[in-house]
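Written below as structure tokens is the structure these notes are about.
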Amino acid sequence: MSRRQTQALAKSAFKALPPALLEEKRQAVIADAVEVAPRVLKAVVEEALNGDMRAARLVLEIAGVTQRLTPAAAVQINNNIPLITPGELERLERELREVGEDV
């Protein structure tokens, strides 16, 4: 069966099912995934420890140690460094001294 035939069959099968039944099936798939998640993660960690770099990257991403960066995300850096001119710096220092004298 071709990929196109498989996709057409999947679309027609889901259209025939009522939304409530689809939601029930989705919840069952989620429950199964949650149940096996610890074993799957353990298997992925084992693969990572055996040198599988894709598995290692996945484990680190799951742990939040690394994240995939798209080129746009890698370039998007917010630099919140205030730029103070020498004149503004002198004024701020003068104001701080004046406030210190008032205290």
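Treat the numbers as computed from the prediction; the structure is a model and nothing was measured.
- Between the side chain of N50 and the main chain of E46, a donor-acceptor pair closer than 3.5 Å is present.
- The two residues L89 and I84 make their nearest non-hydrogen contact at N-CG2, 3.5 Å.
- Cluster annotation: L49 and M53 are assigned to distinct hydrophobic clusters (Ile/Leu/Val/Met/Phe/Trp/Tyr, side-chain heavy-atom contacts under 4.5 Å, transitive).
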Applying side chain to side chain contact (heavy atoms under 4.5 Å, CB included) to L21 and K25, what does each step give before you reach the verdict? CA-CA 6 Å; L21 182 58; K25 297 289 185 187; 4.1 Å; yes

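- No single ILVMFWY cluster, assembled from side-chain heavy atoms under 4.5 Å apart, contains both L41 and L60.
- In this structure, the separation between CD on Q27 and CD on E23 is 4.5 Å, given to the nearest 0.5 Å.
- Transitive grouping of hydrophobic side chains (ILVMFWY, heavy atoms separated by less than 4.5 Å) brings V40 and V45 into a common cluster.
- With sequence neighbours excluded, no residue forms a salt bridge (charged side-chain N to carboxylate O under 4.0 Å, His left out) with R39.
- Residues E88 and R91 are not paired through a salt bridge, judged by the lack of any N-O separation under 4.0 Å between the basic side chain and the carboxylate.
- Minimum heavy-atom separation, A55 to V44: CB-O, 3.6 Å.
- Panel note: side chain E90, backbone G87; no donor-acceptor pair is recorded below 3.5 Å.
- Between the CZ atom of R57 and the CG atom of D52 there is a distance of 9.5 Å, given to the nearest 0.5 Å.
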